[in-house]
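Remarks on the structure that follows.
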Amino acid sequence: MEDEQIVDLYWRRSEEAIGETARRFGPYCLRIAVNILWDPQDSEECVNDTYLRAWQAMPPHRPNRLWAFLGKITRNLAINRLEERQALKRGGGEFEPSLDELLPCIPDSGGLDQALAIRQLTEGINRFLGTQSAQARSMFVCRYFYCDAIQTIARQFHCSESQVKSSLFRTRNRLRHFLEKEEIMQ
């Protein structure tokens with residue numbers, strides 16, 4: 001079933017929407033949750049919560065890209081669950097290492113309204129990623145959105161872990177310079 005048909009099921013309030021979403025996007029959402037939580041049971045619960053949130057959001061929201069919409073919901077739920085159980089202190093998963101790598105590229109709000117700063121940063125990162133090669137952009141998204149492990153990215157792109165680390169390092173440096181040039185980061 002195509003994305004638009006699944007969204008239509010949500011809009012018609014058909015329970016079939018949940019089943020179709022699970023069939024089409026379940027493994028995708030589970031991958032995101034597992035990469036952040038590193039716990040199969042919590043990850044399954046996040047995926048189920050994703051379906052509930054999608055049900056609650058549609059209507060009135062009608063996503064253009066259902067996969068991105070569901071991925072964002074799953075990621076936010078997994079991060080919230082991670083914070084709740086304070087797993088960052090105990091370690092595990094790839095969320096903390098990937099966030100640590102990206103922190104030097106994230107500007108301090110410097111007194112700006114936090115929502116505005118986040119919006120500017122998001123727009124800046126999106127503009128920056130649009131200037132990168134498809135491979136550099138994909139590796140960046142795999143690591144910093146999906147929180148994939150370096151090993152996983154290396155397998156996906158058929159290269160060594162050191163090549164992935166180097167590519168991510170160079171991309172982060174270019175991002176930092178881009179954000180400084182755009183005056184998003186001082």
Side-chain angles (χ1 to χ4, degrees), residues 25 27-39 42-43 46 50 64-65 67-186:
F25 299 104
Y28 163 74
C29 292
L30 186 61
R31 177 180 141 213
I32 294 169
V34 166
N35 284 345
I36 294 170
L37 295 170
W38 214 247
D39 180 304
D42 280 353
S43 299
C46 275
T50 297
N64 292 328
R65 293 180 190 95
W67 63 271
F69 177 73
L70 295 169
K72 184 175 181 180
I73 292 171
T74 304
R75 184 174 189 272
N76 290 338
L77 287 169
I79 290 169
N80 289 344
R81 178 154 308 197
L82 185 67
E83 290 171 351
E84 286 172 11
R85 70 177 196 195
Q86 298 179 346
L88 289 177
K89 293 179 183 175
R90 293 193 310 263
E94 287 295 322
F95 180 70
E96 185 177 10
S98 67
L99 184 61
D100 287 344
E101 292 169 9
L102 200 54
L103 277 177
C105 300
I106 299 173
D108 186 11
S109 63
L112 292 175
D113 176 54
Q114 188 175 8
L116 177 61
I118 290 170
R119 183 170 156 219
Q120 288 176 331
L121 178 61
T122 302
E123 290 171 358
I125 291 172
N126 285 336
R127 282 193 313 275
F128 165 77
L129 289 174
T131 68
Q132 300 303 295
S133 70
Q135 182 169 333
R137 181 174 50 249
S138 294
M139 283 185 180
F140 187 91
V141 170
C142 285
R143 181 68 175 159
Y144 303 116
F145 184 81
Y146 297 120
C147 301
D148 284 344
I150 299 293
Q151 293 172 320
T152 303
I153 298 169
R155 276 194 309 273
Q156 182 177 342
F157 288 91
H158 308 289
C159 60
S160 70
E161 290 179 33
S162 63
Q163 288 172 310
V164 172
K165 289 177 184 178
S166 294
S167 175
L168 291 171
F169 177 78
R170 288 190 303 271
T171 304
R172 286 192 311 271
N173 282 338
R174 288 191 302 268
L175 172 61
R176 191 179 72 252
H177 292 298
F178 179 87
L179 294 174
E180 287 171 351
K181 181 181 170 196
E182 294 283 315
E183 297 181 357
I184 296 171
M185 183 172 125
Q186 269 52 31

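Pairs of residues two or more places apart, or lying in two chains, that qualify as side-chain hydrogen bond (donor to acceptor under 3.5 Å, both in side chains) and include a residue from residues 160-169 are S160-S162, S160-Q163. Residue pairs satisfying the ring pair (Phe, Tyr, Trp, His ring centres under 6.0 Å) criterion with at least one member in residues 120-141, sequence neighbours excluded, are listed as follows: F128-F178, F140-Y144. A side-chain hydrogen bond (donor to acceptor under 3.5 Å, both in side chains) check over residues 132-142, counting only residues at least two apart or in different chains, returns the pairs Q132-R174.
Contact record, R143 with D148: NH1-O, 2.9 Å, taken as the closest heavy-atom pair. Across all non-hydrogen atoms, the minimal contact from L70 to C29 is CB-SG, 4.0 Å. Closest heavy-atom contact between C142 and F157: SG-CE1, 4.3 Å.
Note that SG of C46 is 10.5 Å distant from CG of N76, once rounded to the nearest 0.5 Å. The OG1 atom of T171 sits 10.5 Å away from atom CZ of F169, with the distance rounded to the nearest 0.5 Å. Atom-to-atom distance recorded for F25:CZ and L30:CG is 15.0 Å, nearest 0.5 angstrom. To the nearest 0.5 angstrom, R170 atom CZ is 9.0 Å from M139 atom CE. If you take CD1 on I36 and CG on N80, they are separated by 10.0 Å, rounding to the nearest 0.5 Å. From I79, atom CD1 reaches atom SG of C147 across 6.5 Å, with rounding to the nearest 0.5 Å.
Q151 places none of its side-chain heavy atoms less than 4.5 Å from the side chain of V164. Between E84 and D42, the closest side-chain pair of non-hydrogen atoms is not below 4.5 Å. Looking at R81 and L37, their side chains come closer than 4.5 Å, going by heavy atoms from C-beta outward.
For the pairing with E180, the side-chain contact (heavy atoms from CB on, under 4.5 Å) check across E182, E183, R176 returns one residue only, R176.
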Could you walk me through whether L121 and L179 pass the side-chain contact (heavy atoms from CB on, under 4.5 Å) test, one step at a time?
CA-CA 8 Å; L121 178 61; L179 294 174; 3.8 Å; yes
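A donor-acceptor pair under 3.5 Å is absent between the side-chain atoms of R75 and the main chain of I32, judged by distance alone. In terms of modelled atom types and a separation under 3.5 Å, the side chain of N35 and the main chain of Y146 share a donor-acceptor contact.
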